[in-house]
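Let me begin by presenting the structure, written as structure tokens, before commenting on it.
Each chain gets a letter, A, B and so on, in the order its sequence line appears, and its residues count up from 1.
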Amino acid sequence: MELKELYQEIILDHAKNPRNKGKCEGYNHDAKAHNPLCGDKVHIFLNLDQDKNIKELSFEGEGCAISLASASILTDTLKGKDLSFTKKIISDFLKMLTHKTKITINSLSDDQITTINSLSGVQEFPMRIKCATMAWHTVLSALNEKVDNYGQLKR
Amino acid sequence: MELKELYQEIILDHAKNPRNKGKCEGYNHDAKAHNPLCGDKVHIFLNLDQDKNIKELSFEGEGCAISLASASILTDTLKGKDLSFTKKIISDFLKMLTHKTKITINSLSDDQITTINSLSGVQEFPMRIKCATMAWHTVLSALNEKVDNYGQLKR
Amino acid sequence: MDIKKIKSEFPIFKQKINGKPLVYLDSANSSQKPQIVINRMANFYETEFSNVGRSVHTLAVKATNRFEDSRDKVKNYINAKHREEIVFTKGATESINLIASSYGEKFISKGDEILTTELEHHSNYIPWHFLRQKKGAKIKFAPVNERGEVEIDEIKRLINSKTKIIAITHISNVTGAIMPIKKIVDLAREKDIPVLVDGTQGAPHLKIDMEELGCDFYAISCHKMYGPNGLGILFAKKKWLDVLPPYQGGGGMISEVLKDNVIFANSPTRFEAGTMQTAEVVAFSESIRFIENLGIKNIQTHENEILEYGIEKLRKNNSINLIGNPKVRGSVICFTMKGVHPHDIATILDEDGVAIRAGHHCCQILHDKLGISATARASIGVYNSKDDIDILCKAIDNCKKVFKI
Amino acid sequence: MDIKKIKSEFPIFKQKINGKPLVYLDSANSSQKPQIVINRMANFYETEFSNVGRSVHTLAVKATNRFEDSRDKVKNYINAKHREEIVFTKGATESINLIASSYGEKFISKGDEILTTELEHHSNYIPWHFLRQKKGAKIKFAPVNERGEVEIDEIKRLINSKTKIIAITHISNVTGAIMPIKKIVDLAREKDIPVLVDGTQGAPHLKIDMEELGCDFYAISCHKMYGPNGLGILFAKKKWLDVLPPYQGGGGMISEVLKDNVIFANSPTRFEAGTMQTAEVVAFSESIRFIENLGIKNIQTHENEILEYGIEKLRKNNSINLIGNPKVRGSVICFTMKGVHPHDIATILDEDGVAIRAGHHCCQILHDKLGISATARASIGVYNSKDDIDILCKAIDNCKKVFKI
Ligand SMILES: Cc1ncc(COP(=O)(O)O)c(C=O)c1O
Ligand SMILES: Cc1ncc(COP(=O)(O)O)c(C=O)c1O
């Protein structure tokens, strides 16, 4: 049962056809991350305009289905959002995975909520949480926000 | 019972009043040894004359009753003996302690045999065997014979 | 061999994983432990424990004797010439670090070369990398061929007058290639170059005989030999141990300590600073006994049978790409799968109770060369049977279902 | 505290030594282990064992979580600020070697001074001696006074602009002197000098609080804290761990490995190369729990009572010469006896089931200063009672009988 929770349709779809792959045009922020245990890699590209809105957002990377889907969903969700909102979503997302809380932001569309929630199955697979969170941490890193240690055990 | 075997009259006597202590006159060989675990030290001085007889033999050192008595008995036993005989006695003595064999040399006096045998109680105290053998190894060392590693666990 | 009976000696198999029997195919990572080894550790702590080599009371004498008995046991098992050639360490990683540091300090200078291969585990590369940084030495990598082996000619080609040590694995933990150590040692001997063998994967699966192999250093991890974790062995030829400087400093490894100087004990004590893993050392005797009772040749025959059966079955699966195809191989099968990342394979297999490992297996250089970032690895231990392979293959098929491919 | 009950939790006391109940007064050498600690180790191997931090299967996840839980447990017990400040090592000896090597490599140059004391265990001297040899650094020894203490003024006097680190024991394992660590740290901080505390004898007997002590490094041996052998802890302030180079190289401590370079992971992983002592780390949680359940303050009160009772009784014995008389002291009583060498005392006491240690206790420099080559040492653990002291004293009287004095 749980496996189905982990590998939901939405996830498989994003993993097989990741959105926003490649370097986005005119990016002015980027950051890389890497999980030395499994070899997952992600590189985030981000165009933050003068009003602090994420105008463009994309990624390059390789890894498991969870990490690819997570990066893909992330780019879809955050594109067009402003900075403070971005941080709030990321924080909500990370909490969902590590503390099993729900996404509470109400300005996301139902569709977006459903998509993000598809990653909540990872909660039950502690060794995979990093796969799902790496890209999100990397956005913070691209924005020069404090991040946890990558390459470390997860907490 | 065993303790009495270990600390026999003869041993206590030699420990309290060690024979041949100090630097003997005209020594032409000497060697030191040291047990780093307990701090026992011995320094053997030896005058080997032209006919390869041990003319003088003495020791300096500090340590437990067993090591002092052993050094004292050693000097008493080997003084005046020739080289090949010396090696034979030492070998016999070391075997007595490590393989529980008997001293077989018949050219020692009964008194000397009794004295050497007083150290056989050490057989039953494995951690003390080195205390009893160190001086004997050191004579070999002074005579430039191959010796076991000092400062090592005993076998 | 009666695998059912052998398996029953390992308590870990009593439990279910996700409701299924445990199929443990991760022994190259760490082997499970037989009950007698676990019991010996517990029992030692319960009835014989004391610090070793320091006190003279009854418990200390007993413990010291047990500890040194284990050294004899190891000496005999690997057919070393002298008991002083056996040094207990924290693991193969520490064994290799010890030699890299100690041999390197004394014998390696700027411009000298360390000859190794593209197959090595990080444990047999990073200690040499440190030397490269500290001393300005060079590391030469004998290349791996498309079968996942390193050819002896490549090693021959790279040996030159600057080569100061050859550091090479006994069995690759990714391709399973068994290296021709004896031939390499013969080559090296002509030029008086010492050979360090990373025996971490060799020791659990092959008969290892130091007199026959002739290598100068051999590193072992006890936890891959059905023994306790946190314990390793360094075999080093006496001629080296007598000249190498100590590695860590502390209690027990000294002969004389003065304010302005320190004189060190001889080997093996010189290399065993501080309080040792007494219970682990003592219990490892039981691991050797376990292996000896079954016979390492029988273990090898059994494991090879399972290995070949596994390779055969996986080769028939169109979605599977086997990594490496060495002529002489042992104990591990690495593979990738079209459309499913190794990490996902491992998670899906776990659902069926099948434990494998996914990643670069601490061999990033090899994976870079192969052009992949990760592989899935099934590795064999004495407790595995053909049934395990069948369950593995079924679970692999399930990956396709989960991924709808 | 109910010592009888506590003692009954240690299986070693079930046996007889030479027909007598075991009186274990060698805890400063290594403590005995309570049954729950032994059971946890066995139980972990039996039901949860797998390698840590490497695979993603169920057993690996469980084992990794247990392992990291232990890190949290240690962090909380010693009140460190961050869990990353806890590094697992082989023992206090390795902890100190790690810092001497890693800090020394980066921060100590020719002519720099390492400030230590005449009280130190070889484990807190020889690693610095290595630096002296490699880097041409100097070691300064703060002298011990006739009470067996090192006075803070002596330390103050020796600090100068060349002092690069202060390495000092928390409790002397010979005189029992408890060093004023907080004051030393305050002194050192004025000059920005890091302080390494050898907490081997401190951690089992005192409440240790990293935030309060304020030291930069603190070394612990788990086997003296009712925990498994072969395991130690290095506490290091985060600001150091982030800048110190790695110590050993191997699996698990890397971020990226290339043929021409290696990028290391952050702490604590950076300092935990190779397969760790998983079962020991996991079981050490139980040791901390054992201590917490009793309360370290209660343990200390109890131990001090036994200590004082022992000192009182021995002081009344004319043949006994007590070594050191520090104002603040803990856990050990060292002595000599007129006419009987410590080694002989230990052997004779053993006949009565009394386990003590004789020798220089890895403190040769201190013994040289005292002008004696060996002392006898009785050391206290939580399981000791006044009865033990009475039996000790009787056994000491027996020495005179055996030696006919
Ligand atoms: C004060 C002191 N420091 C360091 C050590 C070394 O500890 P370990 O041998 O456990 O590494 C000891 C133990 O004997 C000690 O008493
Ligand atoms: C080939 C090889 N070398 C070295 C090691 C390191 O062994 P350990 O982690 O036990 O020190 C391993 C284990 O993963 C290995 O497979």
Side-chain angles (χ1 to χ4, degrees), chain C residues 11-12 15 17-18 26 29-30 32-33 38 41-42 45-47 49-51 54-59 90-94 97 121-123 126-127 129-130 141 221 223 229-230 248-251 254 257 259 262 273-280 343 346-347 350 355-358 362 364-365, chain D residues 11-12 15 17-18 26 29-30 32-33 38 41-42 45-47 49-51 54-59 90-94 97 121-123 126-127 129-130 141 221 223 229-230 248-251 254 257 259 262 273-280 343 346-347 350 355-358 362 364-365:
Chain C
I12 198 89
Q15 72 184 301
I17 300 292
N18 297 317
D26 199 19
N29 192 357
S30 196
Q32 295 295 340
K33 326 296 173 200
I38 301 170
M41 237 176 312
Y45 275 127
E46 286 164 3
T47 65
F49 176 73
S50 166
N51 210 342
R54 280 151 172 81
S55 296
V56 300
H57 53 74
T58 301
L59 286 174
K90 192 161 79 169
T93 298
E94 180 166 280
N97 275 274
H121 189 280
H122 294 160
S123 290
I126 299 175
H129 168 72
F130 288 159
F141 297 88
S221 270
H223 70 95
N229 276 43
Q248 297 187 331
I254 56 98
V257 177
K259 268 190 175 175
V262 179
T275 299
M276 298 293 287
Q277 318 89 308
T278 324
E280 284 70 21
H343 226 145
T347 296
D350 184 54
I356 65 157
R357 180 168 170 193
C362 302
Q364 211 181 321
I365 289 174
Chain D
I12 198 88
Q15 71 184 301
I17 301 292
N18 298 319
D26 198 20
N29 190 356
S30 195
Q32 294 295 341
K33 327 297 174 199
I38 300 170
M41 237 176 312
Y45 274 128
E46 285 164 4
T47 64
F49 177 74
S50 165
N51 210 341
R54 281 151 171 83
S55 297
V56 299
H57 53 75
T58 301
L59 286 175
K90 193 161 79 169
T93 298
E94 180 166 281
N97 276 273
H121 188 279
H122 294 159
S123 289
I126 299 175
H129 167 72
F130 289 160
F141 297 87
S221 270
H223 70 95
N229 277 42
Q248 297 187 332
I254 57 98
V257 177
K259 268 190 177 177
V262 178
T275 299
M276 298 293 288
Q277 318 88 310
T278 323
E280 284 69 21
H343 226 145
T347 296
D350 185 54
I356 64 156
R357 183 169 168 191
C362 301
Q364 212 182 320
I365 288 173

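- Between chain C and the residues Thr278(D), Thr347(D), Val56(D), Thr58(D), the most heavy-atom pairs under 4.5 angstrom are made by Thr58(D).
- To the nearest 0.5 Å, atoms CG (Asn51(D)) and CZ (Arg357(C)) are separated by 7.0 Å.
- Put simply, of Ala92(D), Gly251(D), Gly91(D), the one with the most heavy-atom pairs under 4.5 Å next to chain C is Gly251(D).
- Taking chain C as the reference chain and counting heavy-atom pairs below 4.5 Å, the highest number among His343(D), Met41(D), Gln15(D) is found for Gln15(D).
- The candidate with the highest count of non-hydrogen atom pairs below 4.5 Å against chain D, out of Gly274(C), Ala346(C), Ala355(C), is Ala355(C).
- With a threshold of 4.5 angstrom between heavy atoms, Phe49(D) approaches chain C through its backbone and through its side chain.
- Heavy atoms of Ala273(C) lying under 4.5 Å from chain D belong to its backbone as well as its side chain.
- Using a 4.5 Å cut-off between heavy atoms, Gln248(D) touches chain C through backbone and side chain atoms alike.
- Using a 4.5 Å cut-off between heavy atoms, Glu46(C) contacts chain D through both its backbone and its side chain.
- Both the backbone and the side chain of Asn29(D) have a heavy atom closer than 4.5 Å to some heavy atom of chain C.
- In this structure the side chain of Leu59(C) reaches within 4.5 angstrom of the side chain of Gln32(D), judged on heavy atoms.
- Ranked by heavy-atom pairs under 4.5 Å with chain D, the list Lys259(C), His121(C), Gln277(C), His129(C) is led by Lys259(C).
- Asn97(D) touches chain C through its side chain: at least one heavy atom from C-beta onward sits under 4.5 Å away, while N, CA, C and O do not.
- For the options Val257(C), Ile38(C), Ile356(C), Ile365(C), heavy-atom pairs under 4.5 Å to chain D are most numerous at Val257(C).
- Here the closest non-hydrogen pair linking Pro127(C) and Gly249(D) is CG-O, 3.7 Å.
- For Lys33(C), the part lying near chain D is the side chain, with the backbone staying farther off; criterion is any non-hydrogen pair under 4.5 Å.
- At a 4.5 Å heavy-atom cutoff, the contact between Tyr45(C) and chain D is made by backbone and side-chain atoms alike.
- Contact tally against chain C (heavy-atom pairs below 4.5 Å) for Cys362(D), Ala279(D), Gly230(D): the top residue is Gly230(D).
- Ile12(D) touches chain C through backbone and side chain together, each having a heavy atom under 4.5 Å away.
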Practice problem: Test side chain to side chain contact (heavy atoms under 4.5 Å, CB included) on Ile254(C) and Gln364(D) and set out the steps. | Solution: CA-CA 10 Å; Ile254(C) 56 98; Gln364(D) 212 182 320; 4.1 Å; yes

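- Listed by chain and residue number, His360(D) satisfy the ring-ring contact (aromatic ring centres under 6.0 Å, His included) test with His122(D) (two or more places apart in sequence, or in another chain).
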Practice problem: Evaluate side chain to side chain contact (heavy atoms under 4.5 Å, CB included) for Asn229(D) paired with Thr275(C), printing each intermediate quantity in order. | Solution: CA-CA 7 Å; Asn229(D) 277 42; Thr275(C) 299; 3.6 Å; yes

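- Between atom OG1 of residue Thr93(C) and atom CE of residue Met276(D) there is a gap of 10.5 Å, rounded to the nearest 0.5 Å.
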Exercise. Check the pair Glu94(D), Lys90(C) against side chain to side chain contact (heavy atoms under 4.5 Å, CB included), reporting the backbone distance first and the verdict last.
Key: CA-CA 10 Å; Glu94(D) 180 166 281; Lys90(C) 192 161 79 169; 2.7 Å; yes

